[in-house]
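Keep in mind that the numbers below use all heavy atoms, side chains included, and drop hydrogens, waters and symmetry copies.
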Amino acid sequence: MAMRQTPLTCSGHTRPVVDLAFSGITPYGYFLISACKDGKPMLRQGDTGDWIGTFLGHKGAVWGATLNKEATKAATAAADFTAKVWDAVTGDEILSLAHKHIVKSVNFTQDSNYLLTGGHDKVLRIYDLGKPEAEPQEISGHTSAIKKALWCNNDKQILSAADDKTVCLWDRSSMEVVKTLPFDTSVSSMEYIPDGEVLVISYGKTVAFYNALSLELIKTVDAPASVYSASLHPEKDFFVVGGDDFKLYKYDYNTKEELESYKGHFGPVHCVRPDGELYASGSEDGTLRLWQTAVGKTYGLWKCVLPEELVSENSDALYSTVPEMKA
Amino acid sequence: MKTLVRVLRLPRGPDGSSRGFDPSSARYQALCPSTISASDPVDCVDLKSEQRARSVLRERYLRSLISMVKRDVKFTMYEKVKVDAVFQASDIDILNFQVADLETPLGVQKEALIRCPDVISYSFEIDSSKM
């Protein structure tokens, strides 16, 4: 029987949600962190969207947020010119790293020992979290604000996307640029999938997939509206796109066919993150929504209801939302 | 006509009064001692005595809050603000104080919430007859 997607709305933020990140799978499940212009990034349980805590301390919009694999540390990048490292279990602020301008992006290495930051001062910085007092290593080269900075190739290289319409691949030891990808327009999002070394870049209405090591183009897909964020499912069978038409699109990665699209948000979708059984979206409307990968499957808060059960419903906990249209 | 997927409940949102990170959660209990700290690792004995000191200080602070209930408290706040009020209660994270009869330049506010981050210091008189 065909089922309609019921997204789970996570409320709590009071301004646009601009970045989302999942942790790895931990013995306590997996977690989701959201960056918001209200300056209060939140940690949620990944499979249910239940709020766990809010990281309090930033004095400006938070533009980027990330978790380490074990979800024991969090890092955030904000408009108050700082990047902060947090204890993701207690919610305490551990480090505040002063920058010279708005910080947009933060990323941990796999061992959580180093933090990469990038922002409006156009410089990539690498902080040794074991020596927080030491000056960070700096990599200059971009001529405009850095939007996103990511570790790649087993933390041996760095990928950065900037408003100067380039994506650059840097070698960490030499701190030199290895390759530059020029674009006609500013890149709106960049995602790195380590398993398979795939780079997902969105610009204009296009989503492009590259080999992360060689920066060779694999394929491009065009969306119906300007794309703000695109992300590939870890198993590389589908990717999710969110943009300024308030909708979420799900595409088959192999055939490039549009599989599903969903309305639900009341504002442009700024970020999407798939993670196995679900994907999360964050919007200008201040909400996060969780969407099922396999619609109708029992997982987290979603319950698979067989046809017989539908007939005999009475005291079951029943949640029905305003019907959402499949566009 | 497609059927909507059923949901057990809505995701829980922030509780509005605290910043979360429930210390009684399984994850907190298991990971707390070993979560990272910016300072150098301390050995077991130092950690125990530090925790003991923290417990004593916290208990003393909480008792000070209890003794403050229904008393006149003078708050010194940012922007050169000094106000008087009768203390009623604090929230669990000591982020807000509930006060009564808050004396402000606009008049006396019967009930008010004072944001603790706005407070620089506060003072009140202990009833010496109870000591």
Side-chain angles (χ1 to χ4, degrees), chain A residues 1-6 8-12 26-29 40 42-45 48-56 70-73 85 87-92 94-95 112 129 132 288 290 292 295-297 300-305 307 309-310 313 316-321 323-324 326, chain B residues 1-42 47 50-51 53-55 57-58 61 77-79 90-97 113-120:
Chain A
M1 150 181 292
M3 302 296 286
R4 261 205 325 220
Q5 171 88 261
T6 306
L8 292 170
T9 304
C10 308
S11 57
T26 80
Y28 305 92
K40 303 191 179 93
M42 291 187 179
L43 185 71
R44 294 177 188 272
Q45 195 70 43
T48 57
D50 287 337
W51 174 79
I52 292 173
T54 303
F55 298 100
L56 297 175
E70 303 81 16
T72 50
K73 289 195 221 188
V85 179
D87 181 322
V89 181
T90 63
D92 293 335
I94 291 160
L95 279 178
S112 311
L129 298 178
L288 259 96
L290 300 181
Q292 280 191 289
V295 180
K297 185 176 171 183
L301 298 175
W302 291 287
K303 183 170 162 54
C304 174
V305 175
E309 290 175 28
L310 278 174
E313 82 201 25
D316 280 347
L318 177 64
Y319 164 69
S320 60
T321 183
E324 267 142 14
K326 180 181 188 298
Chain B
M1 168 76 177
K2 286 189 178 182
T3 323
L4 225 46
V5 176
R6 297 301 176 81
V7 170
L8 297 171
R9 58 168 174 83
L10 290 172
R12 288 185 206 111
D15 65 15
S17 56
S18 90
R19 68 182 178 117
F21 299 102
D22 181 11
S24 62
S25 74
R27 192 170 91 112
Y28 195 111
Q29 297 282 323
L31 298 176
C32 214
S34 61
T35 49
I36 45 129
S37 148
S39 58
D40 287 334
V42 289
L47 194 61
E50 188 186 316
Q51 284 184 328
R54 282 183 192 279
S55 297
L57 286 169
R58 178 141 178 95
Y61 181 69
M77 303 174 74
Y78 286 95
E79 305 294 339
S90 168
D91 67 356
I92 196 155
D93 286 313
I94 324 287
L95 284 172
N96 296 287
F97 282 166
L113 261 164
I114 292 187
R115 278 196 309 221
C116 295
D118 292 346
V119 177
I120 297 171

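Taking B:P14, B:P23, B:G13 one by one and counting their heavy-atom pairs under 4.5 Å with chain A, the maximum is reached by B:P14. In terms of non-hydrogen atom pairs under 4.5 Å with chain B, the most contact-rich of A:D92, A:T26, A:V295 is A:D92. Between chain B and the options A:G12, A:A71, A:G29, heavy-atom pairs under 4.5 Å are most frequent for A:A71.
If you measure heavy-atom distances from A:L43 to chain B, the contacts under 4.5 Å come from the side chain alone. In this structure, chain B has a heavy atom under 4.5 Å from the backbone of A:E70, while its side chain stays farther away. Only the side chain of A:L56 comes within contact range of chain B, judged by heavy atoms closer than 4.5 Å.
Considering CE of A:M42 and OG of A:S11, their distance stands at 8.5 Å, rounded to 0.5 Å. Once rounded to the nearest 0.5 Å, the distance linking CZ of B:R27 with CG of B:D22 reads 11.5 Å.
Side-chain N or O atoms of B:R19 include one that pairs as donor or acceptor with a backbone N or O of A:G91 at under 3.5 Å.
With sequence neighbours left out, the ring pair (Phe, Tyr, Trp, His ring centres under 6.0 Å) criterion links B:F21 to A:F55. Not counting sequence neighbours, B:D91 has no partner by the salt bridge (Lys or Arg N to Asp or Glu O under 4.0 Å) test.
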